[in-house]
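Scroll down for the structure; my scribbles are underneath it.
The structure displayed is predicted, hence computed values, not measured ones.
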Amino acid sequence: MAREFHLDISELRRAIESAPEIAGKGAEEAMDAITDDWVLEARNIAPLKSSNLRKQIKGQVRDAGLDSSIMVTGNAINRTGGAGRFNYGYYIHELDAGGNEMQTPGTEKKFLEKSVDERRWQRYLVERVLSKLRRMGWNG
């Protein structure tokens, strides 16, 4: 189970084309920071019967440059007696499972969706790339 989104960087294309290496460094830094932020936010609101689900929430930046995206997963695997492996992260998130037992105050079953702040992260990406370009002398 995973959720991802793509950030619109169309307003940065001109800047990126004029100094692709510098802009790429800024984008890499921003995407890493956004990934860390999303993982932290998802962990903060994931159901908490035990800490296993929160520990298993992980994120990664996929691809590079203008095609990069972030994927955060919440796959919490548990061995069930004789039945093999059971992904209860998926069970809680996608199948609305666990009843009220999984819904303690301050938690969300849809922890991957509820933790997304695309507007804030979009602004952060733009600001980070433009800041990096300006520090290197770009005046666009």
**Item:** Worked check of side-chain contact (heavy atoms from CB on, under 4.5 Å) between Arg54 and Thr107
**Value:** CA-CA 11 Å; Arg54 288 183 176 192; Thr107 66; 3.7 Å; yes

**Request:** List the atom of Leu112, the atom of Ala42, and the distance in Å for their closest heavy-atom pair.
**Result:** CD2-CB, 4.3 Å

**Prompt:** Would one find more than 12 heavy atoms of other residues, nucleotides or ligands at under 6.0 Å from atom NZ of Lys58?
**Reply:** yes

**Message:** Hydrophobic clusters here meaning ILVMFWY residues chained together by side-chain heavy-atom distances under 4.5 Å, can you tell me if Val116 and Met71 are in one?
**Reply:** no

**Fill in**
Closest non-hydrogen atoms of Met31 and Ser68, given as atom of the first, atom of the second and distance, are CE-OG, 3.5 Å

**Prompt:** For Asn52 and Ala76, which heavy atoms make the closest approach, and how far apart are they?
**Reply:** ND2-CB, 4.3 Å

**Results of side chain to side chain contact (heavy atoms under 4.5 Å, CB included) for Lys114 - residues two or more places apart only** = Ile45, Glu108, Lys110

**Request:** Hey, could you give me the NZ/CD distance between Lys132 and Glu127, rounded to the nearest 0.5 Å?
**Result:** 15.5 Å

**Prompt:** CZ of Arg135: more than 12 outside heavy atoms within 6.0 angstrom?
**Reply:** yes

**Prompt:** What about Val39 and Val61, same hydrophobic cluster or not, with Ile/Leu/Val/Met/Phe/Trp/Tyr joined at side-chain heavy-atom distances under 4.5 Å?
**Reply:** yes

**Request:** Dump the intermediate steps for side-chain contact (heavy atoms from CB on, under 4.5 Å) on Ile70 and Trp121, then the final yes or no.
**Result:** CA-CA 11 Å; Ile70 298 169; Trp121 294 333; over 6 Å; no

**Request:** Not counting sequence neighbours, which residues clear side-chain hydrogen bond (donor to acceptor under 3.5 Å, both in side chains) with Gln60? List them please.
**Result:** none

**Complete:** Closest non-hydrogen atoms of Ala30 and Leu125, given as atom of the first, atom of the second and distance, are CB-CD1, 3.5 Å

**Request:** Report the C-alpha separation of Leu53 and Phe111 in whole Å, then their side-chain angles, then the decisive distance to 0.1 Å, and conclude whether the side-chain contact (heavy atoms from CB on, under 4.5 Å) test is met.
**Result:** CA-CA 11 Å; Leu53 174 57; Phe111 53 92; 4.0 Å; yes

**Message:** Using every non-hydrogen atom in the two residues, find where Gly59 and Thr35 come nearest and quote the distance to one decimal.
**Reply:** C-CG2, 3.6 Å

**Item:** Nearest heavy-atom neighbours spanning Arg43 and Ile57
**Value:** NH2-O, 2.7 Å

**Request:** Could I get the full list of side-chain hydrogen bond (donor to acceptor under 3.5 Å, both in side chains) partners for Arg123, not counting sequence neighbours?
**Result:** none

